[in-house]
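Encoded as structure tokens, the structure appears first; notes follow it.
Naming convention: chains lettered A, B, ... in sequence-line order (proteins, then strands); numbering from 1 in each chain.
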Amino acid sequence: MGEFAIDVDGLELTYSDGTRAVRDVDLQVPEGELFGFLGPNGAGKTTTIKVLSTLLQPTGGSVHVNGFDVVDRPRDVRRTIGYMAQETSIDNDLTARENIRFACEAYGVPRSKRADRIDELLELADLADVADKRANDFSGGMKKRLDAATALVHRPPLVFLDEPTTGLDPAARNRLWEYFERINEEGTTIVLTTQYLEEADQLCDRISVIHDGEIVVTGSPEELKREVGGEVLDVELAEDGPDVERARDAVASADAVDRSAIDVTDDGLSITSPRAREIGTDVLLALRDADIPVLGFNVRSPTLDDVFLAVTGEHVEDLDADGDGSEPVEASR
Amino acid sequence: MSTENPSQRSQQATGNSFVGDVWVNYKRWMIKSVRNPFILTGSLLQPVIFLVLFTQVFGQVATSAIGGNGAAISYETYLVPAIAVQTALAAAAASGIGLVNDIEEGMFDKILVSPMSRTGVFLGKSLAEISRIVAQIVIIVGLGWLLGARYATGIPGIVGILIVGIVFSLWFTAFSNIVALVTRDQESTIIGANILQFPLLFVSSAFLPLSVMPGWIQTIAAFNPITYGVDAARALTLGEDVMTVIEVTRFGGVWDTLVPAFAVLVALDVVMVGAAVVMLNRAAKSAVQ
């Protein structure tokens, strides 16, 4: 065993109330990969991660992590993984150093290596100068980094990160991304979940889009974008202008535009087409003929949001609504 | 061994021995309780207030009420064992608060994904709580002595009082952990564990002999674990059989109180701790959210 850090076959998780949180999930993650689960709240990402990290028992299927069956050998799995929960999990009464030390002791890091390991992780998490301050006084980003550091004390070959950057400001998010990329480059397999398309796009080698407990598509960000089938033409319409349905009718009337390729967005319309560049003029003319003013016009490559829309029929945008309002897009630039 | 992982990393931790797991968690909770002055003083504050106020306010009246059986006992001496048990009760109530805090802070999950033995984790936490109870009862016993309480059985008796405090605390520790697991909410746990303390204390032999109380209180007190804890501690303080709810004469002197009291408390501990362990295991297996 063991070419795969994760080998899942037909995973099912049904809660006692009958909710099928995860349905028939098959997944292989090779070692060294930075893999992402992308999906909205309640899609089953966290549930899947909890099964992989032995916090939940699967109700069906077989799950091997680092070659160990999660049901039969949970302790071997626990020994060889790091896990960072969605909610920041640190002991606020302890200092940064004590938090890391506790984790070292919990994982049985040999005493002789402990001091060096703690210093190294404090350095990596950029907390060396506040090492002996109580975690209670830390900012959200500092707590997250400390949390991540405690998940790495035993140098696990595989680390699970459940929405590692949710609720962080863009600067803190960037810093955490660098940190994850660094440990991944050092050979650690990383499996993360995210609601942020940019995060998945920027960090992950491969992504599974998960929706209603099922994996709807898996691939590299580029492959997934190719799935969308072309480039995207965004048309920005005036907010107080004619209603968007009339605009959609107008655009659909243009030759070469397939009605099903037109989506209503917050700002107006977006049209997906392999010939997005060529049909632009037709679209503009159709709108002008219908007396609909156009404020903006842009042809772009598809994003993962487009992928999400294409495979699930839903936008991911509303997912960020409860976030901190900062656009993850800016965070990556 | 199939534990080899093909990745190049060689530093995988091996986990600890069981004793190691207990020790790691014991240390964590000791640091937390020292760091958190509220935990240490907060649960001691009320018993100290009771001790000082009750002896000062009711001392005169109460001394005559307890003096029924000949020997003159000061109310201070009479009250200290009850306050010792109250201290154990208050400290035990905080145990569930610690657990719910861990659940809320995510430390519960974090510990569950570690290779530590679950039993070791909770044993370590419980031992830290017991250490605290011992320290607090020592403080109460010392304070009582300053106020005029005298311990007829000397140092062995005081050690005995500490053991009573520990044995007494277990069932209530288990109870407060059960409340924590059921409510999963810090405030509810604080309220749930505290709301019982006062009625339990007053409807028992803690503050006055049951013989001077109305019949219904005497009836309830016979089923109240506090009566057994207080009677055991009091027997050790006074050096005589003080239990009235169960009359035993077979063992002689102090043992006529200690044997039945410990029998009742240990039985209660087994039942409650058993229930708490079952619930903790269930919580550890299923989703914490």
Counting only heavy atoms closer than 4.5 Å, note whether [X] contacts chain B via side chain, backbone, both or neither.
X        : answer
A:Arg134 : side chain
A:Glu98  : side chain
A:Thr88  : backbone

Query - Atom pair CZ (A:Arg97) and CG (A:Leu122), whose distance is rounded to the nearest 0.5 Å - result: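 Separation between the atoms: 5.5 Å.
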Query raised in the report: Taking atom types as modelled and ignoring hydrogens, do the side chains of A:Asp162 and A:Thr193 form a donor-acceptor contact shorter than 3.5 angstrom?
Result: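 There is such a pair between these side chains.
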Query - Side-chain donor-acceptor pair present, B:Ser176, B:Ser95, cut-off under 3.5 Å - result: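 There is no such pair between these side chains.
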**Report entry** A:Arg73 to A:Phe68 six-membered ring, cation-pi geometry met (6.0 Å, 45°)
**Finding:**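 Cation-pi check for A:Arg73 and A:Phe68: fails.
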Query raised in the report: Can you check whether A:Ala21's main-chain N or O pairs, donor with acceptor, with A:Thr19's side chain at less than 3.5 Å?
Result: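 A pair under 3.5 Å: no.
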Requested in this report: Output the option from A:Asn92, A:Ile81, A:Thr54 having the highest count of non-hydrogen pairs under 4.5 Å with chain B.
Outcome: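 Most pairs with chain B among the choices: A:Asn92.
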Query raised in the report: Among B:Ile31, B:Asn101, B:Asp102, who wins on heavy-atom pairs under 4.5 Å with chain A?
Result: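 Among the listed options, the one with the most contacts to chain A is B:Ile31.
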